[in-house]
Amino acid sequence: KKIVAMLAADVSGSMKGDKLSDAKQALRDFTGQLPESARVGIVSFGGGGAKAVQAPTSKRGRIIRSVGTLSASGGTPLHAGLKLSFQQIRQTRKKSKLAHALTLLEETNNKETSVKTIVLCTDGRPTRGPKGKGIVKLAEKVKKRGVKLVTVAIGENADTGLLRKIASGEDNFHRAEFSGNLPGL
């Protein structure tokens with residue numbers, strides 16, 4: 001199966017400095033550990049909303065350059081980051097189905113041809129847009145559509161209860177006591 005991973009990175013003001021540097025290194029390391037055929041996209045959320053930094057691609061150079069453009073400012077619109085990540089993964093699926101149809105490679109028995117995962121990493125609590133229940137509702141929709149949701153809490157101020165609740169099971173919730181633990185995580 002093909003892998004499609006959306007990396008949703010918190011770039012709020014609290015991520016400035018070492019946290020953002022460590023998060024960038026973790027994103028590069030994660031990307032480097034995936035098979036070359038894996039498609040990786042990046043969404044950042046901070047400031048006024050979420051931004052698609054890199055559409056899913058298997059071109060490692062593009063991904064690494066995109067990671068380098070991340071900068072921190074503003075609040076934590078976690079809902080917007082999760083929502084845009086989900087939209088990006090869904091677009092990838094539609095494009096994949098179109099490519100299959102054009103090359104006459106039909107899916108057998110309507111089975112999925114890819115493993116889809118969103119990895120959401122944050123050091124805080126949602127400060128902009130829908131919070132708590134709104135985020136949980138969106139996460140349930142994401143998981144019902146066959147997308148695995150992995151969450152990573154950075155430091156002591158992260159809303160670990162919310163991140164644990166929205167993850168696709170306890171094994172998909174991770175905690176980095178401090179950002180220096182991210183690359184090894």
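The basis for the numbers below is simple: all heavy atoms, side chains too, and nothing from hydrogens, waters or symmetry mates.
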Item to check | Under 3.5 Å donor-acceptor, Arg39 side chain and Pro56 backbone | outcome: yes
Item to check | side chain to side chain contact (heavy atoms under 4.5 Å, CB included) evaluation trace for Lys116 with Arg145 | outcome: CA-CA 10 Å; Lys116 301 175 291 290; Arg145 299 278 172 89; over 6 Å; no
Next on the checklist: Does any part of the side chain of Lys51, heavy atoms only, come nearer than 4.5 Å to the side chain of Val43, both counted from C-beta?
Outcome noted: no
Next on the checklist: With side chain to side chain contact (heavy atoms under 4.5 Å, CB included) as the criterion, how do Thr160 and Arg175 come out once you've worked through the C-alpha distance, each side chain's angles and the decisive distance to 0.1 Å?
Outcome noted: CA-CA 8 Å; Thr160 56; Arg175 183 172 184 159; 3.5 Å; yes
Checklist entry - Would you find more than 12 non-hydrogen atoms of other residues, nucleotides or ligands less than 6.0 Å from Lys148 atom NZ? => result no
Next on the checklist: I need the Arg164 CZ to Asn172 CG distance, nearest 0.5 Å.
Outcome noted: 12.0 Å
Checklist entry - How close do Ser44 and Val11 get, heavy atom to heavy atom, and via which atoms? => result CB-CG2, 3.8 Å
Checklist entry - Where do Ala9 and Leu70 come nearest, in terms of heavy atoms and distance? => result CB-CD1, 4.4 Å
Item to check | Asn157 versus Arg125, closest heavy-atom pair with distance | outcome: O-CG, 3.7 Å
Next on the checklist: Looking at every non-hydrogen atom in both residues, tell me the closest pair between Ala80 and Ala50 and how far apart they are.
Outcome noted: O-CB, 3.4 Å
Item to check | side chain to side chain contact (heavy atoms under 4.5 Å, CB included) between Gln25 and Asp29, intermediate numbers included | outcome: CA-CA 6 Å; Gln25 187 59 51; Asp29 291 350; 2.7 Å; yes
Item to check | Derivation of the side chain to side chain contact (heavy atoms under 4.5 Å, CB included) call for Leu7 and Val40 | outcome: CA-CA 7 Å; Leu7 308 178; Val40 178; 3.7 Å; yes
Item to check | Inter-residue atom distance Ser114.OG - Ile3.CD1, 0.5 Å rounding | outcome: 9.5 Å
Item to check | Pairwise distance CZ(Arg128) to NE2(His79) - rounded to 0.5 angstrom | outcome: 14.5 Å
Checklist entry - Rounded to the nearest 0.5 Å, how far does CZ of Phe86 lie from CG of Leu120? => result 14.0 Å
Next on the checklist: Could you check whether any side-chain N or O of Arg60 sits under 3.5 Å from a backbone N or O of Ser58, counting only pairs where one atom can act as donor and the other as acceptor?
Outcome noted: yes
Checklist entry - Which atom names give the shortest non-hydrogen contact between Arg28 and Ile64, and what distance separates them? => result CG-CD1, 3.6 Å
Item to check | Short side-chain to backbone donor-acceptor contact, Lys143 and Ile166, under 3.5 Å | outcome: yes
Next on the checklist: Closer than 4.0 angstrom, basic N to acidic O: yes or no for Glu140 and Lys137?
Outcome noted: no
Item to check | Polar side-chain atom of Thr76 near backbone of Leu78 as donor-acceptor pair, under 3.5 Å | outcome: no
Checklist outcome for this item: Separation between CD1 (Ile154) and CG (Asp10), nearest 0.5 Å, reads 7.0 Å
Checklist entry - Between the main-chain N or O of Met6 and the side-chain N or O of Ser85, is there a donor-acceptor pair closer than 3.5 Å? => result no
Checklist entry - Are any non-hydrogen side-chain atoms of Thr122 and Phe45 less than 4.5 angstrom apart? => result yes
Checklist entry - Which pair of non-hydrogen atoms, one from Leu82 and one from Ile135, has the smallest distance, and what is that distance? => result CD2-O, 4.3 Å
Item to check | Backbone N/O of Leu149 and side chain of Ser168: donor-acceptor pair under 3.5 Å | outcome: yes
Next on the checklist: Could you measure the distance from the NZ atom of Lys19 to the OG atom of Ser12? Nearest 0.5 Å is fine.
Outcome noted: 8.0 Å
Item to check | Atom NZ of Lys131: over 12 foreign heavy atoms under 6.0 Å | outcome: yes
